[in-house]
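Written out below as structure tokens is the structure these notes cover.
Quick note on labels: first sequence line is chain A, next is B, and so on, each numbered from 1.
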Amino acid sequence: MIRAIKGTRDILPPSSAAWNFVEEVSRDVFRRYHYQEIRTPIFEETALFARGVGEETDIVSKEMYTFADRDETSLTLRPENTAGVMRAYIEHRLDQIPGVTKLYYIGPMFRRERPQKGRYRQFFQIGAEAIGSESPYVDAEVIEMVVEILERCGVAGFHLLINSVGCPKCRPAFIGKLREKLAEVAPGMCADCRRRAETNPLRVLDCKVPEDQPVIETLPSILDHLCAECRTHFDTVQGSLSDRGIAYEVKPRLVRGLDYYRRTTFEITHGALGAQSAMMGGGRYDGLAEAIGSKVPAPGIGFSIGEDRLVMTVEESRPAVPALDVFVAPMGDAAAREAALIARELRAQGLSVEVSADRKLKRSLEVAHKSGARFAVILGDDEIAAGTVQWKNMASGEQIAVPRGELAARSKGMEHG
RNA sequence: GCGGCCAUAGCUCAGCCGGUAGAGCGCUGGAUUGUGGUUCCAGAUGUCACGGGUUCGAACCCCGUUGGCCGCCCCA
């Protein structure tokens, strides 16, 4: 038996309706902020991610699906899409277009991690990138946009966290001070922190072990070490978020795993997601373009929503409803031929119509009932002879004979929203 | 990649001390030759995840594999 491979899954109805819902909401919000869709390839040269995301990141060092093409070029299934969008931006010289380039994407990403709830090897992201401006107001607008998507999806109880991780001018000095302090206090911390103190000191700030929290409080904060430009930028982002009425929490310990982040980083968490509590992550990546070989700078900021995780919270509160308007139940071949024409007329009005594949009326009505059809059109030899059809309200059971020529008029305007 | 728990019908699950498998829901047919829902009757649910081992005998005990869930790491 051939099964879907580990960490991948089929999205079946009725769940697929929830996926459509969040995608439709997202596209509508993107339209209002004048973002346009970009579709980039699902695989790229491995070097793009190695340079763009960072050789030392977990994603690149151990999670990528990498394989050799027939000519030995190393290819990789995209583990995220910011690098791919930036590659397209540079390749097609979108910097030559006036104004900020605003792009969004919806599609699958691939990371070879141990699957668990909310974490898959093929997962979907809804993301947006604003490239071509360093303005902190762009940061605030991007955050406003993602918050709006979640709100309009009906998600409640999410939590917006923001931080600044500085820039190449101020971050190295901070990491130096952090290492100094850690050398002193790390021996008293949990095993993970002792390891992180060596491998990735920023990660210590994100430790969740309760016993370590008092120690973490004593560690230096990136926010006390920002250079003047980063400080001003971060203050302006916060002011603009407040102007927009967006609730947020500054979390100096918010550290993101991708090397390309500069200055603003942000994350939205949701309590219903379990260990994988992050529903969305994003940040500014002013150095990314140069990292992947661009001669022109292309400062940008973006986010990506974990669509699988978003759908998980949406599905509980918003059960999908079947939207079948009419089920046509013909008895016999003559009726079946007529049924095809009836369905055609009703569909032309925008109604959702299904024609029974069964000629037994009892069976057809059973299927109609189980499909959630609102009305049934019943016809057999008697109706053909009389030039009528039976029009049955499935909820009330009421049924009347309708002249064939009046069917279209009767059903007008009764389609689902 | 590491640790723990789990795997029986399409679904949710029972299955005692090892003696070759059950319920509910769903599905199929009938009661009803042209009328769904409610009801009644009948029927089929299956390589007990897969592969080995122990045993007279394994769904049950042991080992391995695969998959799922939970935690870690990390992320969306």
Side-chain angles (χ1 to χ4, degrees), chain A residues 1 3-9 12 53 56-63 78-82 106-127 146 190-193 195-196 199-200 202-203 206-209 254-258 261 265-270 273-283 302-313 327 329-332 335 356 358-384 389-399:
Chain A
M1 169 117 155
R3 308 164 29 118
I5 58 183
K6 186 187 180 91
T8 72
R9 57 188 182 148
L12 307 171
V53 178
E56 302 310 314
T57 60
D58 280 17
I59 290 176
V60 172
S61 65
K62 55 188 189 189
E63 296 174 1
R78 62 185 189 190
E80 56 94 60
N81 205 26
T82 299
I106 298 175
M109 310 294 158
F110 306 85
R111 294 182 200 172
R112 200 181 186 293
E113 295 183 89
R114 181 76 166 265
Q116 57 179 269
K117 200 171 206 71
R119 189 166 74 191
Y120 306 96
R121 290 184 172 181
Q122 173 175 309
F123 60 101
F124 291 78
Q125 290 189 330
I126 299 173
V146 69
C190 71
D192 282 335
C193 282
R195 179 178 49 74
R196 293 186 192 114
T199 60
N200 194 348
L202 288 174
R203 281 264 149 236
D206 205 27
C207 177
K208 282 125 195 152
V209 176
L254 175 63
V255 176
R256 305 213 57 80
L258 286 61
Y261 285 121
T265 60
F266 53 101
E267 181 172 295
I268 287 177
T269 59
H270 194 285
L273 296 176
Q276 271 61 51
S277 64
M279 178 176 280
M280 182 262 357
F303 65 80
S304 74
I305 298 170
E307 188 175 3
D308 303 74
R309 296 178 185 177
L310 173 57
V311 167
M312 217 186 291
T313 64
F327 196 92
M331 292 171 281
S356 181
D358 207 293
R359 295 293 161 260
K360 288 181 68 175
L361 182 59
K362 176 182 162 62
R363 178 65 184 159
S364 292
L365 288 175
E366 268 174 26
V367 175
H369 175 72
K370 286 167 186 164
S371 310
R374 297 158 71 213
F375 295 93
V377 167
I378 300 165
L379 65 163
D381 292 340
D382 295 351
E383 284 73 19
I384 302 272
V389 297
Q390 296 294 323
W391 177 256
K392 184 183 180 80
N393 180 319
M394 292 297 290
S396 67
E398 287 170 38
Q399 179 175 322

Polar atom pairs (N or O), protein with nucleotides 64-67 of chain B, under 3.5 Å:
residue: G67(B); atom: OP2; partner: Lys6(A); partner atom: NZ; Å: 3.4
residue: G67(B); atom: O2'; partner: Arg3(A); partner atom: NH2; Å: 3.0

Report the residues that fulfil side-chain contact (heavy atoms from CB on, under 4.5 Å) with [X], sequence neighbours left out, ordered by chain and then residue number.
| X | result |
| --- | --- |
| Phe124(A) | Ile11(A), Trp19(A), Pro108(A), Gln122(A), Glu307(A), Asp308(A) |
| Gln390(A) | Ile378(A), Glu383(A), Gln399(A), Ala401(A) |
| Ala395(A) | Asn393(A) |
| Ser304(A) | Tyr105(A), Gln125(A) |

Its contact letters, B for base, S for sugar-phosphate only and - for none at protein heavy atoms under 4.0 Å, make nucleotides 25-43 of chain B read --SS-S---BBBB------
Find the runs of at least 3 consecutive base pairs, i with j, i+1 with j-1 and so on, that include RNA chain B, using Watson-Crick or G-U wobble geometry with both distances under 3.5 Å.
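The stems that RNA chain B takes part in, listed by first number, are B:1-7 with B:66-72, B:10-13 with B:22-25, B:27-31 with B:39-43, B:49-53 with B:61-65.
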Contact class for Met279(A) vs. all strands (heavy atom < 4.0 Å): base, sugar-phosphate, or nothing?
sugar-phosphate
Base, sugar-phosphate alone, or nothing: which one does Tyr120(A) contact when heavy atoms must sit under 4.0 Å apart?
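Base, at least one base heavy atom under 4.0 Å.
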Please list, chain by chain and in numerical order, all residues satisfying salt bridge (charged side-chain N to carboxylate O under 4.0 Å, His left out) with [X], sequence neighbours excluded.
| X | value |
| --- | --- |
| Lys6(A) | none |
| Arg119(A) | Glu113(A) |
| Arg363(A) | Glu366(A) |

I'd like to check the ring pair (Phe, Tyr, Trp, His ring centres under 6.0 Å) partners of Tyr120(A); sequence neighbours left out, ordered by chain and number.
none
Suppose we screen for side chain to side chain donor-acceptor pair (under 3.5 Å). Which residues come up paired with Glu63(A), at least two apart in sequence or across chains?
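So Glu63(A) forms no side chain to side chain donor-acceptor pair (under 3.5 Å) with any residue.
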